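Note that this is a predicted model, so its numbers are computed, not measured. Within every chain, numbering begins at 1; the chains are lettered A, B, ... in the order of the sequence lines, protein sequences first and strands thereafter.
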Amino acid sequence: MQTSLEKAVIKGFKEIYDVEINSVEFQATRKDFEGDITIVVFAFLRYVKGNPEAIGTKIGAYLKENVAEISDFNVVKGFLNLVISDTFFISDFNKIKNNASFGIVATNPNEKAVMVEYSSPNTNKPLHLGHIRNNLLGYSVAEIIKASGKKVYKTQIINDRGIHICKSMLAWQRFGNGETPESSGLKGDKLVGNYYVAFDKAYKEEIKQLIAQGKTEEEAKKQAPILIEAQQMLLKWEAGDEEIVTLWKTMNQWVYKGFDETYKELGVDFDKNYYESNTYLLGKDIVAEGLKKGIFYKKEDGSVWIDLTEEGLDEKIVLRSDGTAVYMTQDIGTAIERFKDFDLNELVYTVGNEQDYHFKVLFLILEKLGFEWAKNCYHLSYGMVDLPSGKMKSREGTVVDADDLMLEMTDTARTISQELGKLEGYSTEEKEGLYKTIGLGALKYYILKVDPKKRIMFDPEESVDFAGNTGPFIQYTYARIQSILRKADFDYAKEISGIELHPKERELIKQIQLFPEVVQNAASNHSPALIANYSYDLVKEYNSFYQTVPILGCENLDEKIFRTQLSNKVAEIIKSAFKLLGIEVPERM
RNA sequence: GGUGGCAUAGCUCAGCUGGAUAGAGCACCUGCCUUCUAAGCAGGCGGUCCUAGGUUCGAAUCCUAGUGCCAUCACCA
């Protein structure tokens, strides 16, 4: 529509003023003015001198005369508002009416894929609210990119090695008395997490004692026997000590099983898992190569560095003096490994904004190493989830546990639903499924609707809303439409034309038309918030339509069919959009 | 101190590449269920878009400086 209009405007300027215009600025007409699409006349003042209103009027008249879709126009200040004819709206709607995957682009198998990394937990801590934001964002961005037409691989790298893992292992050996998830009835990740906390408690106790014996705090922190033992355990692990490795494997399996349950509840999944125990040695050979090329340099003590001061950054270590890898080394190696494993063109890292600097450096190093794809690496950086009491700290117990939170949301949904009592005829099982759909819908929408880079304030005391701009509000509209469709006892497949549109119908069609663009936009901006906000606008528009005009009660059959079709399309879009957010949609509620 | 991010209604947030009188939700106040689900709709109240300059026909949006909050600047990950 816009492109054909643009051509007409260019042609009009040529005919009326004999000037070449190379682009036309369009925008949707504001609601308080008459019209559907607006041309900004100010922009033409560069080419044609004169009063913007006069120019607008001339061009408007030309368009009304020469473009079939334009039925009328008006000029306010420097804005030319064009009214598009009902016929055009109806025929455009008819084009998209039967396209079940409207707005969703099929994956192009010939194009290179995008890998999205998210979640990437530690195996010594259960997942909390911060992980929920990470998971929802990563999953949703992956789905959105997929919907924009690209092949996507979802992945996570599990931090399953290192001193922190040895801490929980050691604590379990000391205090565990052979406790297992089976014997305790605890989820595996929770059980292991408890021992990580137990370690910290014992460690702090030892530090206190050492200080009492006259050591400085710094000495005490280094000399605490339990810490030294954990360090020895790490060395044994690295040497492949059978007993340690067996324990490590056992405890990790407990954790993975626990994580899998949480992921399943959250509705996220992965195409491939990477484990740090397999990747922590990667990258060293690359560093050696880079050293030869002069990209890195060696200090006297043998450590290897890169100098990024010219880029406005600091010097950064890439290899320790003892020759072992640091976080950066590993990330360099892992990135390269991934491009080897898959036919990728793009790599998205879903990691909190506290690591902005790390990723800036990582991408820069990869670029300096000569990897073409380095410029296609993207850090999907997001703000922290804060509690009213401040930051969540697992060691201080001020975390909102992921499993608990999901249960609470389901409980709230159950309470509200039971009060409303609209679920006659549903089995207990169906009801429970529905409560989960609604509760999780509220939680996911609440988190995804805000711009990823902004921090979220989460108050566990004030439960997440179920009314207003929320997931359940949108789910409710979907359910209401389904109710209409169930009651529609006539065939509404017929293509309608020649009816006069109600203003609410015009607005609704305009909103529907935006969906494909929104999906593309969300993909290129890596922002599920755009999808969430669009869904909300669409639903607001629909609810207003729903309350203003009768649908099934419409007397004219053609109009009744058309309104049913519109409703159906809105429901389809809600479903598609919510699928991109990882939110399910109920038939009733 | 250096670097990066954020700052919009009492609270939580929208505001696309600069455009018309800055928008929603919550909260507070009014109306609307004998018609398709009231988790809804219609309306009211509420703004120094952090501050000061600049660019422009036009700035919440772009530039500069400042203020505040957060993150980061480890041979931790």
task = Return the value, rounded to whole Å, for the distance between atom CD of A:Gln482 and atom P of B:C36.
result = 17 Å
request  = Quickly work out the A:Lys504 NZ to B:C36 P distance and round it to whole Å.
outcome  = 20 Å
remark   = Closest of B:C70, B:A39, B:G19 to the A:Pro472 side chain is B:A39
key: A:Phe42 aromatic ring stacked with six-membered ring of B:G58, 5.5 Å and 30°   = no
task = Would you mind calling B:C13 syn or anti? Take O4'-C1'-N9-C4 for purines or O4'-C1'-N1-C2 for pyrimidines, and syn is within 90° of 0.
result = anti
ask   = Has A:Glu584 got more than 12 heavy atoms of other residues, nucleotides or ligands less than 6.0 Å from its CD?
value = no
task = Could you please name the option among B:A38, B:U72, B:U21 that lies closest to any side-chain atom of A:Lys77?
result = B:U21
ask   = In whole angstroms, how far is the P atom of B:C73 from the CH2 atom of A:Trp305?
value = 13 Å
message = Side-chain N or O of A:Lys31 versus OP1/OP2 of B:G23: is the shortest distance under 4.0 Å?
response = no
query = Looking at the side chain of A:Leu530, which of B:A77, B:G15, B:C36 is the nearest nucleotide?
reply = B:G15
task = Please confirm whether A:Lys449 makes a cation-pi placement over A:Tyr536, using NZ or CZ under 6.0 Å from the six-membered ring centre and within 45° of the ring normal.
result = no
query = With respect to the side chain of A:Lys422, which nucleotide from B:U21, B:A38, B:G40 is positioned closest?
reply = B:A38
task = Flag as yes if A:Phe473 stacks onto the base of B:G40 (centroids under 5.5 Å, planes under 30°), otherwise no.
result = no
query = On a whole-Å scale, what distance lies between the P atoms belonging to B:A52 and B:C33?
reply = 50 Å
task = Look at the side chain of A:Asp465 against the base of B:A39 and say whether a donor-acceptor pair falls under 3.5 Å; ignore hydrogens and angles.
result = no
ask   = Which of the following nucleotides, B:C6, B:C36, B:G4, is nearest to the side chain of A:Lys360?
value = B:G4
inquiry  = Can you say whether a donor on the side chain of A:Thr477 sits under 3.5 Å from an acceptor on the base of B:A39, or the other way round?
reply    = no
key: Selected nucleotide, minimal atom distance to A:Arg320 side chain, candidates B:C76, B:A20, B:A42   = B:C76
query = Using the rule for Phe, Tyr, His and the six-membered ring of Trp, do A:Phe33 and B:A20 stack at under 5.5 Å and under 30°?
reply = yes
inquiry  = Using the C1' atom as the point on both nucleotides, what is the distance between B:A27 and B:G66, in whole Å?
reply    = 35 Å
message = Below the 4.0 Å mark, does B:A38 have OP1 or OP2 next to a side-chain nitrogen or oxygen of A:Arg480?
response = yes
inquiry  = Both conditions, 6.0 Å and 45 degrees, for the charged tip of A:Lys298 above the ring of A:Trp305: are they met here?
reply    = no
